[in-house]
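Below is one structure, written out as structure tokens; comments come after it.
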Amino acid sequence: MAQSDMSTPLLDPDDHLEQLSVLGPSQQRGASVVCIVGSGDFSRSLYSRLVGCGCRVLVGSRDPGRLQPGLFPEGAELWTQREALQALVDSGGTLVFLAVYPEHYPSLLGLRPLLSGLTVVDVSNASSLNEKGPSNAETLARMFPSCSVVKGFNVLSAWTLLTGAHDGSRQVLVCGDCPSAKSSVLSLARRLGFSGVDVGGLCASRAVEEAPLQLFPSWRGPLLTTVLLFIFLYLYSAMKYVLLPYLDRSENNLHHLALVTVNKALPAAALVVLALVYMPGLFAAVLQLYRGTKYKRFPNWLDHWMCVRKQLGLLSFLCAALHAVYSVCLSIRRASGYMILNAAYRQVQAGVANSWVEAQVWRSDLYLSSGILGLGVLSVLALTSLPSVGQALNWREFTFVQSGLGYTALALSVAHVLFFGWDFTVHPQAYEYYLPPVLVLSLAPPCCVLVGRLLLLLPCCSIRLNKIRRGWVSERHRRTEKRRENRDAFGDV
Amino acid sequence: MAQSDMSTPLLDPDDHLEQLSVLGPSQQRGASVVCIVGSGDFSRSLYSRLVGCGCRVLVGSRDPGRLQPGLFPEGAELWTQREALQALVDSGGTLVFLAVYPEHYPSLLGLRPLLSGLTVVDVSNASSLNEKGPSNAETLARMFPSCSVVKGFNVLSAWTLLTGAHDGSRQVLVCGDCPSAKSSVLSLARRLGFSGVDVGGLCASRAVEEAPLQLFPSWRGPLLTTVLLFIFLYLYSAMKYVLLPYLDRSENNLHHLALVTVNKALPAAALVVLALVYMPGLFAAVLQLYRGTKYKRFPNWLDHWMCVRKQLGLLSFLCAALHAVYSVCLSIRRASGYMILNAAYRQVQAGVANSWVEAQVWRSDLYLSSGILGLGVLSVLALTSLPSVGQALNWREFTFVQSGLGYTALALSVAHVLFFGWDFTVHPQAYEYYLPPVLVLSLAPPCCVLVGRLLLLLPCCSIRLNKIRRGWVSERHRRTEKRRENRDAFGDV
Amino acid sequence: MAQSDMSTPLLDPDDHLEQLSVLGPSQQRGASVVCIVGSGDFSRSLYSRLVGCGCRVLVGSRDPGRLQPGLFPEGAELWTQREALQALVDSGGTLVFLAVYPEHYPSLLGLRPLLSGLTVVDVSNASSLNEKGPSNAETLARMFPSCSVVKGFNVLSAWTLLTGAHDGSRQVLVCGDCPSAKSSVLSLARRLGFSGVDVGGLCASRAVEEAPLQLFPSWRGPLLTTVLLFIFLYLYSAMKYVLLPYLDRSENNLHHLALVTVNKALPAAALVVLALVYMPGLFAAVLQLYRGTKYKRFPNWLDHWMCVRKQLGLLSFLCAALHAVYSVCLSIRRASGYMILNAAYRQVQAGVANSWVEAQVWRSDLYLSSGILGLGVLSVLALTSLPSVGQALNWREFTFVQSGLGYTALALSVAHVLFFGWDFTVHPQAYEYYLPPVLVLSLAPPCCVLVGRLLLLLPCCSIRLNKIRRGWVSERHRRTEKRRENRDAFGDV
């Protein structure tokens, strides 16, 4: 219906009935009236955005007389908080934005009678993460039991409010206990060009208040894993190729530390992390096979691991890309220039007209090709993890890319390493000081994953797995589960 | 209006009138009630998402008693299908999600009386593509003529439902014959944080059911073209530079196959595919010029070709990018090391102090520069084909990027090839075995495109074309068309 | 409510009351009826999109009889403009799309009585930017005072209407003076799968009409700055390293112009532009510190500068990326091959077995590492400026990335330059012709920024700044401001 996008009308039926009696569109009526209590940055940004959308906005300041001119545009309705609220009620509006720091809520207690029956939007953020006690919105709801308090708009910064008029997919989390009040806020959000998301009752307000304070929560674990892994591999190869040779035969490879050693640790880290992306899936499959059902929760660590696969994948891609850049730079660095010159000198002295070694040529060409292709596939994977691209994919396409291309990338990377290492990993001196080369270490996890994957592809496993994923439950499981859900297990999506 | 975002209220007017009589916000009323029939994965995910948005959800299971505890959170209203539906009707709800495999629809016939008048959402997918006969939703509609069946939510996986609370632009395709039922589902979708798209009547349900099964339909053609083209070019240069020399004078270039030959075929493929992006536009223009009107459909092949230009462009970019990486790697590979050393040896033996050839230096610098710039422009093009970026562009900006930058990229690539080939394409030995070099082959299409484009820019053509595109129709066409639409052609956008 | 997403019903109350009296969903009623006046491309695309969403669409053409068959699908309701409008009114519809060029509006004056009371959507674009006089929509509103004119849908091209059914975040700017009419258009837009944005009254229509004609307005300034800067640096180094040496000792470095000189100017430009990204922030902070308040507008030039930081950052990234590619290509080019060969020759002649210089090796490794890392951080920054990625970040994450990572990238780039230049910038011959090397020039701005940033981190500054940003106002400012807003300054968000 026409008024559907306005914030207020149907909250009080009389207003609505009036609405019905209006013939044709009317200028004054229907234009939604909103009140903002407070006159800070947020208030000002919200003001311009609301006015921009054709709302009438009443700003209630503690002391409007002393507001510096120019802060609000000419003609802004700047009143005292009491006046503003009164004007709102008179004009049939019901929506009040509280743009005041939580610590000043008590100063509003005097306005209680005016606020009663109105929808109060609490836009405050939590002052810190993981606080105890009620959230700001809950406190507010207790102070003003006669209002319907809605939490929302706090995820927007004053800056976004001012500039972001044209990014429609910007989300505004809204929660509250009064459905009608909540949906009026949701539709206002949509009208302002944001997409409001209803995240439930006021009990969710703590999460909404903390949302703007989070700092990449889902990235912490994967990032830590990758960094620690890299550091270990770096130190390992630093010890094997720089420290020990120096102590042993005082061979000075210190200059390796800046580039060469990093470029030994990076690909190893990339490979291991990429393997970590596909391990949890295997574990899950094995678990389902063993339990003979999918109707049972995974252990938490596995659930959590499954949820960070995307982040792990992107970090693996990052390492792989850096490795590619580093490898290219190895040929630019001065050192390689000197090496070539000295090699040329030696060759001339030795009078060798042609130093060509076919095997080496093949080796380098093969590991370069597999490496390039592997990285190429990985970058397609990384691309599809962009929100806008991923959302354009349906479930089948997503699975094809993530699982199909993912395993291709893993296989190519393994091939890349094998081709690279084929000549020296077999020589005993590669295991000097009883330390295997880094790449041998890094090969273990991906190989396990690939083997595990192949085993699961065997008919005996795959057929049973598909049955289970389609809802089938093994006899054994049923017995152990005392025939629970044996009918429901069939036929439910 | 306030209730506008709830899924149910206004479907039955009494409920609505009650609504009107409610003064101020009320806790119980207005909270929308939804019923889910079935208790599988999808049902569980949908349950948590709906509850998360403050809906009251009644789950109807075949045998709730045997549902394993822990599958649904504590306090979930798990009843038999009959009880759940009864409770829904009692509480004035009208929305029922059918989370049951289509093959089990008949088992619901007993619930017909309870379901009558309700809105039933069919969330099932097609079991396979291009099936004959009615879609699941159509079957359902026939089984329950007294319900208003709406197709929707099937594009969402259980996974997306659980996790994707915060990707607002995720689309939910909805179709159905009852507008009111449909829009109640659409608004529920929006409330859950998805953007519902109305795709028409139930006749569209087949397409909606098949949507999740599609695997990059729009990419098949372009991908096939590119791959075949690449294979042909690869085999061609493999024959010319590896096979024939071997047969002819048993010259062993086998090691070229891994890298060198690939890097001969890749740029050629990139160039030809890029030309294919701009050909259909030329054809269309010529066709319009010839017909003297735009009010006539293009042949299907041309329409189809026009629709895959974006995909062709991205594939061309992919080939170009790979070519760049390969070219860089050519200088890293062992072979190039050996070549330099041997060259150094020869130079020393020949006693040549300075082997500098100014022309060659210029040539390589020029083709490198043009190549880099061409690739740079191409990557800007590729960037704007990201959904989120492309949507931020208006029509003029989009045209500027796609056509303006596109032709710049094409011109730069052609220059790149010409600079690269200038010295040897003129020598007869480049045409050994009467086979022209690959790059000569690959130059033909882009040159045609560029020439054609230039011709269309001639005043005689461009002026007429602009008139036609503005709606003008040539006398000739009118005569042939018996003066059809000669008035409407004017003045309509 | 169920009808809330339909474009028309509730505009006239009778219709609504009827609606209420309808029991259960009904087929015919509620299906919204829309009329399109005009039968051009846009009309046709709009037609198929509307029909696709289950609307009943009446097309009013000047002369339907002469419309070429096939332009509209079979069964399309093609009538004269008068008939179509009559049918619309009869079926209770109120929405009319005017798909006619503005110059033909007068021809519609005859339809005035029919149109009165209806909602007329003007989909026309401005014919050129910065026109004087009323916008098309305003003209229309004057011609048809009895209609409620809504501006909208003009940002959509016929092409987008046809194909873009699935990009939900595509925005449709809508403005108009009648809220109810406007919101009915907004909800129709949403129903078609676009996200409608209310941009206020009809006074905003000029901007909406010009929107599709804009060509990257926000990029002009930054692009110009970067290009001019690059040109200056290019000419500078061309003079210093090519022209003057030639004039002075007729040394021929002409071949440097294509690659080497470009690669001298690019990194310098990248560095300076990156510094320009962080300068305005410093100025703003200093200004706030000096004024002792944040409640005062910044000068316009600063405001404007702040708004183009993102564009500057991306351009800086572009230059840096190109610089990386160029640098890699330097080692591929023929010239470097010749140099190595000649160096080898000289080394052999001189009989130097080992030309290794440890310092040079360290230098090159260090500047390569810092360069790679700097570019890596910059690319993460560039990534987050993708709309879809940036919108997934909350304010704190955004600040962390933009400011934290940004300064890291700046510091790494400076380190990169310092390592690169350490050996020769100290030699007097680097200042030949009294011209400092380019990199010395380019170091000045970033160093200033880094120093300024460090100063602001000193407790004395940072503490005061935080207080100010929290709303605190210095005594001095209050005095000068005659104690204005000294209370409001506290406690408002």
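First the proteins, then the strands, lettered A, B, ... as listed; each starts at 1.
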What are the two closest heavy atoms between [X] and [Y], and how far apart are they?
X	Y	answer
B/Val389	C/Pro387	CG2-CD, 4.2 Å
B/Trp362	C/Ala258	CZ3-CB, 4.3 Å
B/Gly351	C/Tyr345	O-OH, 3.5 Å
C/Asn252	B/Glu358	ND2-OE2, 4.0 Å

*Who wins among C/Leu213, C/Leu322, C/Val260, C/Val155 for the most heavy-atom pairs under 4.5 Å with chain B?*
C/Leu213
*Between C/His255, C/Met339, C/Arg334, C/Gln214, which has the largest tally of heavy atom pairs under 4.5 Å with chain B?*
C/His255
In terms of heavy-atom pairs under 4.5 Å with chain C, which of [options] leads?
options	answer
B/Ala344, B/Ser331, B/Ser369	B/Ser369
B/Leu366, B/Val361, B/Leu386	B/Val361
B/Ser364, B/Ser336, B/Ala353, B/Ser327	B/Ala353
B/Val174, B/Val380, B/Asp365	B/Asp365
B/Val348, B/Leu330, B/Ile340, B/Ile332	B/Val348

Region of [X] that comes under 4.5 Å of a non-hydrogen atom in chain B:
X	value
C/Asn125	neither
C/Val328	side chain
C/Leu341	both
C/Ala211	backbone

*Can you check whether B/Leu393 reaches C/Phe216 side chain to side chain, under 4.5 Å on heavy atoms?*
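Yes. Closest side-chain heavy atoms under 4.5 Å.
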*Candidates B/Leu375, B/Ile372, B/Leu373 - the one meeting side chain to side chain contact (heavy atoms under 4.5 Å, CB included) with C/Val325*: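 It is B/Ile372; the other options fail the test.
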*Would you say the side-chain atoms of C/Asn342 pair up with the backbone N or O of B/Ser355, donor to acceptor, closer than 3.5 Å?*
yes
*Evaluate the ring planes of C/Tyr338 and B/Trp356, with Trp represented by its six-membered ring, and classify them as parallel (under 30°), tilted (30 to 60°) or perpendicular (over 60°).*
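The arrangement is tilted - the two ring planes meet at 30° to 60°.
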*Check whether B/Val172 gets within reach of chain C through its side chain, its backbone, both or neither, counting any heavy atom under 4.5 Å.*
neither
